[in-house]
Amino acid sequence: MLAGVLLDLCLAPARAVGAMPMLALPVVLVWALAWRFARLYAVPLAVVAALAMIGVTTAVPPEAFAHLWPQPVVVAPAFTTGAIIGIAVPLFIVTMASQNVPGLAVLNANGYRPPVGPLFVATGVTSGLAALIGGHAVNLSAITAALCASAEAHPDPARRWPAAVVAGAVYVVIGLFAGFAAAFIAASPPLLIQAVAGLALLGSLGGALSTALAREEERLPAVVTFVTTVSGLSLFGIGAAFWGLVAGGAMMALARLKP
């Protein structure tokens with residue numbers, strides 16, 4: 001499933017180049033040259049190139065500067081049957097299927113074995129507290145895990161934790177200027193943003209595919225999971241990431257079923 005999600009994002013650079021070559025091509029070229037001569041800095045330099053292109057081509061709307069500093073507002077919780085069925089349960093399923101489970105898969109694929117129970121308790125409690133001021137669900141964040149836990153962060157698994165710390169610090173800074181950032185990104189060419197994200201995840205995609213297809217007895221279930229996830233299938237308001245897990249899990253159970 002993780003490979004399917006990553007593939008969809010990693011195809012973005014090709015889509016971007018096809019749709020707007022004058023904007024996306026310099027970003028891709030900067031990334032490719034940096035990957036060849038300074039691999040560790042390939043993604044940061046691609047981000048800088050993308051920001052430069054956005055700065056040259058995008059006019060930030062005046063309202064982006066209206067509220068530069070966030071103003072937390074406490075929201076009193078209100079529990080209704082409709083909200084629980086229509087919002088809470090689907091959000092829980094999607095968060096578990098598209099973030100927590102792939103996040104654990106990424107960590108395991110990179111040799112980490114975190115305690116699952118305490119992780120889910122911590123993210124659940126934090127989500128409940130963040131909800132009081134309108135915050136979104138706190139989870140293991142599969143894409144961030146793929147970036148911070150892979151060998152691209154550091155060859156030594158024991159030295160990769162600074163990547164997560166830096167990512168968290170940057171998230172806090174971005175959060176403090178979320179209003180401006182949202183307006184800036186909304187005014188930017190969407191495919192240019194997607195191109196940078198896709199380039200950043202190419203290495204993680206390769207690692208995910210290698211791990212998923214390594215064992216012959218699990219290869220077909222992995223492929224089924226992959227194909228279902230990238231198909232964009234959506235049933236009952238639940239996206240393809242969840243159904244990819246269901247399809248792959250069903251194939252795995254069928255393969256292990258004794259005759």
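Taking the side chain as every heavy atom from C-beta outward, Trp161 and His154 never approach each other to under 4.5 Å. Using a 4.5 Å heavy-atom cutoff, the side chains of Met251 and Val224 are in contact. Leu119 is listed as a side-chain neighbour of Leu104, based on a closest heavy-atom distance under 4.5 Å.
Distance check, rounded to the nearest 0.5 Å: CE of Met252 to OG1 of Thr225 gives 7.5 Å. In this structure, Leu107 CG and Arg113 CZ are separated by 9.5 Å, a value rounded to the nearest 0.5 Å. Atom CZ of Phe120 is separated from atom CG of Asn139 by 9.5 Å, given to the nearest 0.5 angstrom. Separating the CZ atom in Phe92 from the CG atom in Asn100 is a distance of 8.5 Å, to the nearest 0.5 Å.
Put simply, Val121 and Leu129 are part of the same group of oily side chains (I, L, V, M, F, W, Y) that touch within less than 4.5 Å, one to the next.
Taking every heavy atom of both residues into account, Val106 and Ala149 meet most closely at CG1-CB, 4.3 Å. Of all heavy-atom pairs spanning Val138 and Ser127, the tightest one is N-OG, 2.7 Å. Nearest heavy atom pair, residue Ala167 against residue Cys148, reads CB-SG, 4.1 Å. Contact between Pro157 and Tyr112 at its shortest, heavy atoms only, is O-OH, 2.6 Å.
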